[in-house]
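Please read all numbers here as calculations on a predicted model, not as lab measurements. Convention: sequence-line order gives letters A, B, ...; per-chain numbering from 1. Note: hydrogens, waters and symmetry copies are ignored here, and every other heavy atom, side chains too, is used.
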Amino acid sequence: MNQNIVTPSILPGFLELLPQDQMIFNRMLDVIRSTYERYGFIPLDTPVIEKSEILLAKSGGETEKQIYRFNKGDNDLSLRFDLTVPLARYVAQHYYELTFPFRRYHIGKVYRGESPQKGRFREFYQCDIDIIGNENLNIINEAEVLSIIYSTFKALGFDRFTMRINNRKVLNGFFEWLNVQNKADVLRVIDKIDKIGSEAVARELGSMGINSGVAQEILRFIKIKGKPEEMIEGLKEMNVDNELFKLGVEELEQVCSHIRYFGIPQENFALDLTIARGLDYYTGTVYETILNDYPSIGSVCSGGRYDSLASNYTEKKLPGVGISIGLSRLFYQLKEAGILKADTASTPTKLLIIPMKETMSNSLDIATKARQSGIPTEVYFNEGKMGKKFGYADKLGIPFAMVIGEDEVNTGMFRLKNMKTGEQETVNIDELISKIKGYSIENTSL
RNA sequence: GUGGUUAUAGCCCAGUUGGUUAGAGCGCCAGGUUGUGGCCCUGGAGGCCGUGGGUUCGAGUCCCACUAAUCACCCCA
């Protein structure tokens, strides 16, 4: 027994995938990235490690508890816990070199040292977009964000999802009007109404010192349901005498009217007054997206409008709007729900070339040609039985394989085997390439 | 931080009121089949039954402690 062997394991809360899942995951990443770029968002990559003073500039309870913080020499360092704070630092730091509105996307891992749970990780991918204005930012951006979410989830292969929005000004104005002091606590409670029901919400409101008349008023308000136009009418009819509230209702109305120009179907969009995402920095529209068939997954894409992105790092006023897809969680939940495509390959390879001993150099030539034509190609180098070589292609899900022997080299004609059907076709090199490329185009999807 | 559940092969699991040498399926390796995979058949490797202690003639099984995993709450993507 070798005493030096360490049991291989990773820390809990860290997700790593087997090849087949990683292939799917990466395809989702690609879809998200290309959708973001189609809207003209600029890629950004920032360090995973930042100075602690940067990440903790805005001290807040949860953040400080969850952040991975450590020392190296005299440096006080931390792992980023989201992509928004690094964005704020970046924009403030490079303010004079950037062009506004600054539209950036950022796909990367973030770290939170909390106790791991189902679909909750200590290291996970976030796919963020944000639009940062200089001094001001037109509200139509808040409608465009919905268009981006819509396009992204469509491209990921979903049809039945609902983008729900609310407006924090409406909530805050309403609470001001009711003289509710601990707005943040109340928001947190009403955000849970779908989960725990209105009675429990009333109870919790009571236990935090809200008198029952006000609690009933709050419940009546968050129960306004219906089509967006009806809900906006309903909000107006409440005759809330508060400027912030009125402004919020107006913003909701504008966002709802703008989304028509983006071609978003009605069934994918809804107002929901119970959404109160993010406890502090959102100041306007807030977004949540749920998959209709899997409501228990919860929000798969969240975000909102904020007035001041980088107030901890600059005097400049930088309003913005952004959203984030928690891809690790989304992927995990989709896998749990059993709705990931089953018959996917474990490798990008489309063609496996099996050389005979004497045809190795010819085989490598053919592989080079195939690769130059854009076909991911592998050559099987190990010696052994034919069965094992084809078995390799089979196990990895490589769609095409062919043996290169002397006959093939002499005639320039190859027996291309379709691994799925078992059929073999005799083709020359050009036919071989177009055949595989045609197949790849047909079968590229999630 | 609070509470619950679980721990047996690489994976998912079975293992009777405590009883001899701990099992199946999947996966892996080899052979049946040396230029053709999947299906089938045959064989094989792989276990300090999480760790430590206790009860007992005897513990995978009962008790205690520890450790780890996991779920819920909190908060969040």
Report yes if the distance between the aromatic ring centroids of A:Phe262 and A:Tyr150 is under 6.0 Å, otherwise no. no
Do the side chains of A:Glu251 and A:Lys169 get close enough for a salt bridge, i.e. N-O under 4.0 angstrom? yes
With no angle test and no hydrogens, is the base of B:U36 tied to the side chain of A:Lys417 by a donor-acceptor pair under 3.5 Å? yes
A:Arg415/A:Glu408 salt bridge by N-O under 4.0 Å criterion: no
If you look at every strand shown and take non-hydrogen atoms under 4.0 Å, does A:Gly387 touch a base, only sugar-phosphate, or nothing? sugar-phosphate
Counting side-chain heavy atoms from C-beta on, which of B:G37, B:A77, B:C71 comes nearest to A:Phe390? B:G37
Less than 4.0 Å between a side-chain N and a carboxylate O, is that true for A:Arg80 and A:Glu50? no
Between A:Gly13 and A:Ser324, who's closer to the 5' end of RNA chain B by nearest nucleotide? A:Gly13
What is the nucleic acid contact for A:Tyr392, judged by heavy atoms within less than 4.0 Å: base, sugar-phosphate only, or nothing? nothing
Cationic N near anionic O, under 4.0 Å, A:Arg69 to A:Asp76: yes
Can you say whether the rings of A:Tyr439 and A:Phe400 are parallel (under 30°), tilted (30 to 60°) or perpendicular (over 60°)? perpendicular
Taking N and O atoms by type only, does the side chain of A:Arg120 place a donor or acceptor under 3.5 Å from a partner on the base of B:A77? no
Taking any heavy-atom pair under 4.0 Å as a contact, classify A:Gly384: base, sugar-phosphate, or nothing. nothing
Out of B:C71, B:G35, B:A77, which has the shortest distance to the side chain of A:Met356? B:G35
Nucleotide B:G35, atom P - distance to OH of A:Tyr380 in whole Å: 14 Å
Between A:Lys395 and B:C29, is there a side-chain N or O to OP1/OP2 distance below 4.0 Å? yes
Under a 4.0 Å N-O cut-off, is there an ion pair linking A:Lys417 with A:Glu423? no
Looking at A:Lys388, does any N or O in its side chain come under 4.0 Å of the phosphate oxygens OP1/OP2 on B:U36? no
Before we go on, tell me: are the rings of A:Phe221 and A:Phe174 under 6.0 Å apart, centre to centre? yes
Can you tell me whether the side chain of A:Glu408 and the base of B:G35 have a donor-acceptor pair closer than 3.5 Å? yes
Report yes or no: is there a donor-acceptor pair, N or O only, under 3.5 Å between the side chain of A:Arg112 and the base of B:C76? no
Mind checking A:Met386 for me? I need base, sugar-phosphate or nothing, with any heavy atom below 4.0 Å counting as a touch. sugar-phosphate
To the nearest angstrom, the CE-P distance between A:Met413 and B:G35 comes to 23 Å
For RNA chain B, whose closest nucleotide is more 5', that of A:Gly405 or that of A:Lys385? A:Lys385
Output yes when at least one side-chain N/O atom of A:Lys389 is less than 4.0 Å from OP1 or OP2 of B:U34, else no. no
Please convert RNA chain B into dot-bracket. A pair counts if it is Watson-Crick or G-U wobble with both distances under 3.5 Å; crossing pairs go in [ ] and bases paired with another strand get |. (((((((..((.(.....[...).)).(((((.......))))).....(((((..]....))))))))))))....
From the options B:G35, B:G37, B:C76, select the nucleotide whose nearest atom is closest to the side chain of A:Arg329. B:C76
